[in-house]
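Reviewing the structure listed below.
Keep in mind it's a predicted model, so treat the numbers as computed, not measured. In what follows, chains are A, B, ... by sequence order, proteins preceding strands, each numbered from 1. These numbers come from the heavy atoms of this one structure, side chains and all, not from hydrogens, waters or symmetry mates.
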2 protein chains.
Amino acid sequence: MAEVTLREVALASGCSIATVSRVLAGTRPVGAETARTVRAAAERLGYRPNHVARALRSRTTGTVGLVLPQITNPFFPSLVRELEHALHAEGRAVLLADCDDDPVTEAARIGAFLGRQVDALLLIPVDERRSREAVAAAAARVPLVLLDRGCGPGVADSVAVDNAAGMALVLDHLAATGRRRPCFVGAAGTASAAVERRAAYEAGAAALDPAASGRVELGDFSVAWGRAAADRIWPSRPDALICANDLIAAGALQRLRQLGADVPGEVAVTGFDDIPLAGLADPALTTVRQPVGELAAEAARLLSRRPADADPASRRTVRLAPQLVVRGSSVPADVIAGS
Amino acid sequence: MAEVTLREVALASGCSIATVSRVLAGTRPVGAETARTVRAAAERLGYRPNHVARALRSRTTGTVGLVLPQITNPFFPSLVRELEHALHAEGRAVLLADCDDDPVTEAARIGAFLGRQVDALLLIPVDERRSREAVAAAAARVPLVLLDRGCGPGVADSVAVDNAAGMALVLDHLAATGRRRPCFVGAAGTASAAVERRAAYEAGAAALDPAASGRVELGDFSVAWGRAAADRIWPSRPDALICANDLIAAGALQRLRQLGADVPGEVAVTGFDDIPLAGLADPALTTVRQPVGELAAEAARLLSRRPADADPASRRTVRLAPQLVVRGSSVPADVIAGS
DNA sequence: GTGAAAGCGCTAACAC
DNA sequence: GTGTTAGCGCTTTCAC
C-alpha cells in the first residue's frame, strides 16, 4: 500500500512534478492536453494528495478547530452538526474539543489546536470573563469566531441569536393570548444569554403588567433549577412562566403538573432554544428556536472572510433573528391543531 | 508573530538542530547540561513545535477521525465527550464527521479523513450492510475500531455494550418485582443493537411467561414509534413494556399516561442507553446504562495497540457489561427512596 | 553524545 | 504553459 506521490504521477505522464501539482490543485492555467494526460495518470495510479505535505508548504491546513464547553449540553449537537456540514462543504475538516466547562481545559485545547496549525477557531466560550485571556491570545494568531456566547467587547468576531428579539416574541405571544401575570425564571451570572434574556424580559414585561418586571427568579440553566423555581413561584399563582432556556422550562413544567397545575389552562410555560427535549415534553414546550443553520453559515462566512491579521477594530457582532415555536405549553392543543 | 522554529532555538542555544529536536522530543539520550540549555532557550523564545512538519516527517499526525451517523442522536454526545477526553489524554486530536445517517456521506467523510492522514479511525457505522464496503477499505489502510454498532463479522475491531446482558438485567428486575406479562417494543432492521436486544428479550422472557417471547412489536428507534406502540399495545394490558431504547420508552411512557395508565402501578416501562432524557421523564425511566467511559477507553486502547498492518484474522470484538438503573417507571418512588 | 546531511510530499518563485 | 530550483520545519540515518 505504498502511497502514490506527485513524483510518480509526473513520471507516468511525462511532465514535471510542478505541472502535475498545478493540474491537480487547479492553481494555475495548464494546457488542456497535458491536463488530460495528467488526470488520467493520477486516476490510473490511484493518486491521493497528501494534505500534510500540502499544509506544510502552503501554510494552511484546511482545518478548523471547534472548541465548546460541553458537547453534552443539548443545544450544542445540532449546532455542531450544522457547523460540520458548512465547513465540510468548503473542504475544511473540523477538529473537536470538549472543555468540560472548565476555562483551564479550554485554554489547553486552544493551545493544542494552534500547535496543530488550525486555519481558524470556532469557539463557544466557557465563561464570559475567565475565557477572555485565552480567547484574545488565540484571536491574535488566527481568525476566530465566537458562537452563541460573548466573551467581552471587542475580543473577537461573534455570531449569536438575538436574545432580545426572542424574548419579545414570547412576550407578544403571551400578551396576545391573554396572559397578564408573567414571571421570569432565569439564570444568574454574566453569561450573555442569561443577561440579555433577563434584560429583555424586564424591558418588555411592563407592557403586560407594571409589576411583572420585578418578578424574576434566578438560578442556573438546569432542569433541577426549573423544578425548584416552580415550587417557589407557584404559590403566588402567575399565569405564565417565562424560562430562560428549555431545560429550566422542562423542569418547571414537570413540577407544575406534579403540583396539580393545569398547563396551559392556568399557567403557560415557555422555554428558549428549542432543543429536542422541548418537543417531547408533555405538553410540548412553546419556545424560541435558534436559527442554528444560519448561525453556522454565518460563522463559516466570517471565518473565511477575515484575513489573518485583520484590524482588531473591525470586529463584528452578528445577531440573527429567532423564531417563535408555539406548542401546547402556552396554548390549548385544539387551538394549535386548528390554526 | 513569526513562528519560532527549531533552527532558531538551535542558534540561541549553540547546538545543532538535531540535538534540539532530540531534547524536545525526548527521542534519544542527550547530555544533561545541553538539555538544560536547550530547554531554557526554547522556553525563552516561546518555541511551539509545528505538528504539521513533524507529521510529514514522522508519517504520523497524532490525529484520529471520529465518524458518526448523527451527532444529534442523544446517545452520542456523551460518547463523543469520553472519546475526546481519552484521546486528548494521549496527545491525539479528534477530527469529527457527521454523516447525516447516510452511507454515501459516510464514505466521503472516511475518504476525506484518510486523505488527511489520520492515524486511525473510530467509527459508528450508519448501516450494518451499506457501510461495510467503505469501512473494510478504510480498515485496510489504518487501524479502525467500530463502536456501538457492528458492521458484519470480521470487518474490523469493535467495542460495544453487551446488549444481551443488558436485556437480561431488565428481565430479572421485572421478574423480581412481580411482572408477568411483558411486551417488547423494538426496532426493525439489521442494526446490531436492534437485533441483539430483541433476541435477548425473546430468549429471556419465556422465564416470566411462555407466551411473552411472542409479544414483540417492531418499529424504529424513535419517540414517535414509542407513542404509536403504546396505542397498539395498551388495550391488551401488558404489565411491562420493555423498550429497545430510551427514545421509544419515553414516547411509550408519555402516551400510556395520556391513556390513563398508571405507571408503574399497572405497567412498568423500561428503556435502554440511559440518555439524559431518561432521568427527565415523568416518572423517570428505568433503563440500562451503557458504560460510556469504558467504551471510550477500550476503543482508545484498541486503536493504539493494533499495528498498522495487523492480521485481519486477529480482529477482536469487545463487549462491555452494562448497568441497570432503576427509577420510577418500573418501581414506585417510595421503594426507590427507601432502598 | 552530538553534528551534518538527507529528505518527507508538496507548492511557489522564478526562469524560459 | 511548463520546467527548474528552493525550500516549508521537522526527524532520522550516518558519521564521528
Side-chain angles (χ1 to χ4, degrees), chain A residues 1-39 41-42 45-63 91 114-119 141-142 308, chain B residues 1-39 41-42 45-63 91 93 114-119 141 308:
Chain A
M1 196 45 98
E3 288 304 306
V4 182
T5 74
L6 278 192
R7 212 176 75 86
E8 305 173 55
V9 177
L11 249 46
S13 56
C15 61
S16 77
I17 296 179
T19 301
V20 177
S21 168
R22 296 196 264 254
V23 171
L24 268 25
T27 322
R28 293 211 334 205
V30 174
E33 179 62 25
T34 336
R36 200 168 16 259
T37 322
V38 167
R39 256 185 268 276
L45 297 175
Y47 170 76
R48 314 286 289 142
N50 182 325
H51 285 242
V52 172
R54 175 177 292 175
L56 179 59
R57 186 61 241 234
S58 63
R59 324 208 54 85
T60 144
T61 53
T63 289
L114 291 176
R116 285 175 183 280
Q117 331 295 130
V118 294
D119 290 346
R141 308 238 277 125
V142 296
Chain B
M1 194 48 94
E3 288 303 308
V4 182
T5 73
L6 276 191
R7 211 177 75 87
E8 305 172 57
V9 177
L11 249 45
S13 56
C15 60
S16 76
I17 295 180
T19 301
V20 176
S21 168
R22 295 196 264 253
V23 171
L24 267 25
T27 322
R28 291 215 331 212
V30 175
E33 178 64 24
T34 334
R36 200 167 16 257
T37 321
V38 167
R39 254 185 270 276
L45 298 175
Y47 171 76
R48 315 283 290 139
N50 182 324
H51 285 243
V52 172
R54 177 176 292 175
L56 179 59
R57 186 60 239 241
S58 63
R59 323 209 56 84
T60 144
T61 54
T63 288
L114 291 175
R116 285 175 184 279
Q117 330 294 130
V118 295
D119 290 345
R141 308 238 277 126

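Going from atom CG of A:Leu6 over to atom C1' of C:dC8 covers 13 Å, rounded to whole Å. When rounded to the nearest whole Å, the span between CZ of B:Arg57 and P of C:dA6 equals 13 Å. Rounding to whole angstrom units, CG of residue A:Leu56 and P of C:dA12 are separated by 12 Å. In this structure, A:Glu8 places its CD atom 11 Å from C1' of C:dG9, rounding to the nearest Å.
A sub-4.0 Å separation between OP1 or OP2 of C:dT2 and a side-chain N or O of B:Thr34 is present. For C:dC8, the OP1/OP2 oxygens have no side-chain nitrogen or oxygen of B:Arg59 closer than 4.0 Å. Between B:Thr19 and C:dT2 there is no side-chain N or O to OP1 or OP2 distance below 4.0 Å.
Recorded end-axis angle for the helix from C:dG1-D:dC16 to C:dC16-D:dG1 stands at 30°, based on five pairs per end and rounded to 10 degrees.
Residues A:Arg54 and A:Asn50 are not in side-chain contact: their nearest non-hydrogen atoms beyond the backbone lie 4.5 Å or more apart. A heavy-atom distance below 4.5 Å is found between the side chains of B:Val9 and B:Leu45.
Here the closest non-hydrogen pair linking A:Leu6 and A:Val20 is CD2-CG1, 3.4 Å. The heavy-atom pair separating B:Ala41 from B:Ala12 by the smallest distance is CB-CB, 4.3 Å. The two residues B:Leu56 and A:Val52 make their nearest non-hydrogen contact at N-CG1, 3.5 Å. Taking each heavy atom of A:Gln117 and B:His51 in turn, the nearest pair found is OE1-N, 3.9 Å. Across all non-hydrogen atoms, the minimal contact from B:Val38 to B:Cys15 is CG2-SG, 3.7 Å.
At the heavy-atom level, A:Ser21 lies under 4.0 Å from base atoms of the strands shown. Across all strands, B:Arg7 comes closer than 4.0 Å to no nucleic acid atom at all (heavy-atom distances).
Proximity of a side-chain donor or acceptor of B:Thr37 to a complementary backbone N or O of B:Ser13 within less than 3.5 Å is not detected. Between the side chain of B:Arg116 and the backbone N or O of A:Gly62 there is at least one donor-acceptor pair closer than 3.5 Å.
Bounding nucleotides for the chain A contact on DNA chain D, 5' to 3', at a heavy-atom distance below 4.0 Å, are D:dG1 to D:dG9.
Annotation: of the two residues near DNA chain D, B:Arg22 and B:Asn50, the 5′-most nearest-nucleotide partner is B:Asn50. Mapping B:Val20 and A:Ser58 onto DNA chain C by nearest heavy atom places B:Val20 closer to the 5' end of the strand.
Considering only side-chain atoms of A:Ala53, the nucleotide from C:dT11, C:dC10, C:dA4 that sits closest is C:dC10.
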